[in-house]
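This report refers to the structure that appears directly beneath it.
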Amino acid sequence: MEASKQSTVQVTCPKCGHTQPEPRSAYSTICKQCQEHFRLKEARQPAPKPQKPAIEQRQVRCFQCGTELEVPVAATSTMCKRCSSYVDLTDYHITSTTSKNFRTYGRLVVEEKGYLLNTDSRVREAVIKGRFIGKLVTETNLEIYPTANIKGTLQAGRLVVPLGVVFHWKEALRVGAAEIGGELVANLLSAGTVLLKSTARFFGDVQAGGLVVESGAVFVGGARIGRLGSQAE
């Protein structure tokens, strides 16, 4: 009996999946369930291993040399492949009084009870709900909440002023683009498009690559459309 077991091997029909014993020396056989003829060599081949799911990546830029880097979305830090500088990817939430400079390709959130002061920070995106004093540069969105109290210097890849926000800024705001749904009193310099949504109230001058004013928006000021520095109006 032991010799008989050792001289056979279990094979699986490639058509119906039925498994049956066959002699090790056999070249081919017929499935006892679906009557399909198949070669044992094919049936003995191991099933391919399932491929690991691809790790989702995102693009970041080294703060020191500007090199573009590809990193996993879940990563909290990386090292620049060109200059070997440390690149922080962590999200930060400010919930109390803090005096610190941030350099991160993560998200900076100053909560309503948070107070970030004397800071010179550069981040991927920021949400300001509380108090902020200092300099802030965002690569992408800078979103301002109704409870925000901001003093200092701002530069944003995209300024977002939602419905319900009333934001006044004395100096010109330099942004990559802007989406205004609330009230903004400022002069805007934008390389991209400024969108005034139907709920927007904008008081100031705009120099931008493009301007979209939805029906119902209030716009009081001048507009110069085209590349920054051009004379097109």
Side-chain angles (χ1 to χ4, degrees), residues 58 60-64 73 75-77 85-208 217-221 228:
R58 63 168 168 150
V60 301
R61 185 182 299 108
C62 174
F63 288 116
Q64 296 296 324
V73 170
T76 57
S77 66
S85 296
Y86 172 81
V87 181
D88 191 2
L89 306 172
T90 308
D91 294 338
Y92 291 93
H93 289 259
I94 309 301
T95 58
S96 59
T97 301
T98 304
S99 180
K100 181 180 178 180
N101 296 332
F102 292 93
R103 292 287 187 279
T104 179
Y105 252 89
R107 191 169 187 248
L108 174 66
V109 180
V110 180
E111 299 290 354
E112 190 170 340
K113 294 183 179 180
Y115 182 15
L116 182 58
L117 72 158
N118 299 330
T119 184
D120 183 352
S121 294
R122 183 169 183 174
V123 301
R124 179 174 59 88
E125 66 174 306
V127 176
I128 309 298
K129 303 177 184 179
R131 297 179 66 189
F132 178 94
I133 297 178
K135 180 180 179 180
L136 178 62
V137 177
T138 67
E139 295 290 321
T140 59
N141 288 358
L142 167 59
E143 186 171 355
I144 298 171
Y145 273 57
T147 52
N149 185 342
I150 304 174
K151 295 179 181 179
T153 304
L154 300 178
Q155 186 174 331
R158 180 171 176 264
L159 176 67
V160 179
V161 180
L163 175 64
V165 175
V166 178
F167 186 59
H168 294 215
W169 197 253
K170 293 182 179 180
E171 299 178 357
L173 279 170
R174 185 173 292 272
V175 299
E179 180 182 306
I180 312 301
E183 179 176 315
L184 176 63
V185 181
N187 294 324
L188 275 180
L189 299 175
S190 174
T193 299
V194 173
L195 169 62
L196 301 182
K197 303 187 77 173
S198 61
T199 55
R201 293 170 55 84
F202 180 77
F203 302 90
D205 295 332
V206 176
Q207 185 175 349
V218 175
F219 177 25
V220 179
L228 292 182

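Please read all numbers here as calculations on a predicted model, not as lab measurements. Nothing fancy with the numbering, it's 1 onward along the sequence.
In this structure, Ser85 and Phe63 have side chains that are not in contact, with every pair of non-hydrogen atoms separated by 4.5 Å or more. Residues Leu159 and Ile144 form a side-chain contact, since some pair of their non-hydrogen atoms from C-beta on lies under 4.5 Å apart. Annotation: side chain of Phe167 is in contact with side chain of Ile150 (closest heavy-atom distance under 4.5 Å). Taking the side chain as every heavy atom from C-beta outward, Val194 and Phe202 never approach each other to under 4.5 Å. Put simply, the side chain of His168 reaches to within 4.5 Å of the side chain of Glu183, judged on heavy atoms. In this structure the side chain of Tyr92 never reaches within 4.5 angstrom of the side chain of Val123, judged on heavy atoms. Residues Ile133 and Tyr115 have side chains in contact (heavy-atom distance under 4.5 Å, counting atoms from C-beta outward).
Rounded to the nearest 0.5 Å, atoms CZ (Arg122) and OH (Tyr105) are 6.5 Å apart. Interatomic distance, CG of Leu163 versus CZ of Arg201, reported as 12.0 Å (0.5 Å rounding). Once rounded to the nearest 0.5 Å, the distance linking NE2 of His93 with OG1 of Thr90 reads 11.0 Å. Taken to the nearest 0.5 Å, the CZ atom of Phe132 stands 9.5 Å off from the CG atom of Leu117. Between the CD1 atom in Ile128 and the CG atom in Leu154 there is a gap of 8.0 Å [rounded to 0.5 Å].
Side chain of Thr119 to main chain of Lys100: a donor-acceptor pair is present (N/O by atom type, distance under 3.5 Å, no hydrogens or angles). Distance alone, capped at 3.5 Å, places no donor-acceptor pair between the Thr98 side chain and the Leu116 backbone. Judged by distance alone, with hydrogens and angles left aside, the side-chain atoms of Thr138 form no donor-acceptor pair with the main-chain N or O of Arg124 at under 3.5 Å. Under the 3.5 Å distance criterion, the side-chain polar atoms of Asp91 are matched with a main-chain donor or acceptor of Arg107.
Of all the heavy atoms in Lys197 and Ala217, the pair that sits closest is O-CB, 3.2 Å. Between Val175 and Ala178, the shortest heavy-atom contact is CG2-CB, 4.3 Å. Of all the heavy atoms in Gly192 and Ala208, the pair that sits closest is O-CB, 3.6 Å. Closest of all the heavy-atom pairs between Thr199 and Gly181 is OG1-O, 2.6 Å. Nearest heavy-atom pair, Arg131 versus Val110, reported as atom, atom and distance to 0.1 Å: O-CG1, 3.6 Å. Contact between Ala200 and Ile180 at its shortest, heavy atoms only, is CB-O, 3.2 Å.
In summary, of the residues considered (Ile94, Leu136, Asp88, Asp120), a side chain to side chain contact (heavy atoms under 4.5 Å, CB included) with Phe102 occurs for Ile94 alone.
The side-chain hydrogen bond (donor to acceptor under 3.5 Å, both in side chains) pairs that include a residue from residues 152-161 are Asn141-Arg158, Arg158-Glu179, where partners are two or more places apart or lie in different chains.
In terms of the side-chain hydrogen bond (donor to acceptor under 3.5 Å, both in side chains) criterion, Asn187 has no residue partners (sequence neighbours excluded).
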